[in-house]
Amino acid sequence: MSTSRGLQEPSFLILTSLAREPQHGYGIITDVERISQGDVRLRAGTLYAALDRLQAEGLIAEDREEIVDGRLRRYYRLTGEGGVRLAEEAARLQRNARAAVTRLRAHQSGGAA
């Protein structure tokens with residue numbers, strides 16, 4: 001298990017988006033909004049700063065580039081290391097959520113957990 005700190009929500013959602021298939025920036029933005037049910041709406045500047053950081057950490061990599069309507073479209077993919085990190089983070093979040101639910105139930109019933 002990694003000892004690194006938890007991922008910020010936008011980074012977690014970007015990795016989640018790329019776990020399905022390689023995507024370009026706009027595809028990631030729309031997928032993150034869909035995954036988060038509209039709670040997270042990435043701006044282009046935020047997205048590309050996060051992509052640069054995730055790439056520098058080895059969690060994502062450039063997959064390919066193509067020209068669409070005269071504009072360059074760069075696709076990113078999840079790396080093996082990125083998949084491991086995403087799985088670790090998902091497990092950490094699940095553990096924390098279980099602890100919160102257990103304690104809330106105890107609190108609501110007047111007991112201690």
Side-chain angles (χ1 to χ4, degrees):
M1 177 81 112
S2 172
T3 58
S4 59
R5 66 181 175 51
L7 292 168
Q8 295 295 317
E9 185 176 26
S11 294
F12 176 79
L13 292 170
I14 290 167
L15 294 179
T16 300
S17 176
L18 293 175
R20 186 178 65 186
E21 64 186 354
Q23 293 197 69
H24 56 80
Y26 182 73
I28 295 169
I29 287 172
T30 58
D31 201 28
V32 163
E33 188 171 344
R34 187 173 29 256
I35 292 166
S36 70
Q37 298 178 351
D39 289 342
V40 176
R41 294 180 182 176
L42 297 174
R43 295 181 188 266
T46 302
L47 172 69
Y48 288 103
L51 290 174
D52 287 345
R53 187 179 63 258
L54 292 168
Q55 193 169 8
E57 293 175 12
L59 304 179
I60 67 170
E62 288 182 20
D63 185 68
R64 68 186 185 278
E65 293 179 341
E66 63 184 20
I67 304 293
V68 177
D69 296 328
R71 297 183 66 180
L72 178 67
R73 187 178 280 178
R74 181 172 292 133
Y75 286 75
Y76 297 88
R77 64 175 169 77
L78 190 66
T79 64
E81 185 177 344
V84 168
R85 182 72 188 279
L86 179 59
E88 289 173 350
E89 184 67 4
R92 184 186 73 79
L93 291 170
Q94 285 178 327
R95 283 191 311 274
N96 290 346
R98 277 193 303 271
V101 168
T102 298
R103 288 180 179 219
L104 279 169
R105 285 183 183 146
H107 173 75
Q108 292 166 347
S109 67

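Excluded from the calculations below are hydrogen atoms, water molecules and symmetry mates; all remaining heavy atoms, backbone and side chain alike, are included.
For residues 11-20, the pairs satisfying side-chain hydrogen bond (donor to acceptor under 3.5 Å, both in side chains) are Ser11-Arg53, Ser17-Gln23, Ser17-Asp31, with sequence neighbours left out. Evaluation of the side-chain hydrogen bond (donor to acceptor under 3.5 Å, both in side chains) test over residues 63-73, restricted to residues two or more places apart or in two chains, returns Glu65-Arg74, Glu66-Tyr75. Applying the ring-ring contact (aromatic ring centres under 6.0 Å, His included) definition to pairs two or more places apart or across chains, none involves residues 33-58.
With contacts defined as side-chain heavy-atom distances shorter than 4.5 Å, the pair Leu42/Ile14 qualifies. No side-chain heavy atom of Arg92 sits less than 4.5 Å from a side-chain heavy atom of Glu88.
There is a path of hydrophobic side-chain contacts, each under 4.5 Å, that joins Leu93 to Leu18. Val84 is not connected to Leu54 by any chain of hydrophobic side-chain contacts under 4.5 Å among Ile, Leu, Val, Met, Phe, Trp and Tyr, and they are in different clusters.
Leu13 pairs by the side chain to side chain contact (heavy atoms under 4.5 Å, CB included) definition with Glu9, Val32, Ile35, Ser36, Val40, not counting sequence neighbours. Not counting sequence neighbours, Phe12 has no partner by the ring pair (Phe, Tyr, Trp, His ring centres under 6.0 Å) test. Qualifying salt bridge (Lys or Arg N to Asp or Glu O under 4.0 Å) partners for Glu57, counting only residues two or more places apart in sequence or in other chains: none. Annotation: side chain to side chain contact (heavy atoms under 4.5 Å, CB included) contacts of Gln55 (sequence neighbours excluded): Ile60, Glu62, Tyr76. Residues passing the side chain to side chain contact (heavy atoms under 4.5 Å, CB included) test with Arg43, sequence neighbours excluded: Thr46.
Nearest approach of Pro22 to Arg77, heavy atoms of both residues: CG-CB, 4.0 Å.
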(message) Please evaluate residues Leu59 and Leu78 with respect to the criterion side-chain contact (heavy atoms from CB on, under 4.5 Å), reporting the C-alpha separation (whole Å), side-chain torsions for both, the decisive distance (0.1 Å), and the verdict.
(response) CA-CA 6 Å; Leu59 304 179; Leu78 190 66; 5.6 Å; no

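In this structure, CZ in Arg41 is found 15.5 Å from CG in Leu47, a value given to the nearest 0.5 Å. The CD atom of Glu89 lies 11.0 Å from the CD atom of Gln94; values are rounded to the nearest 0.5 Å.
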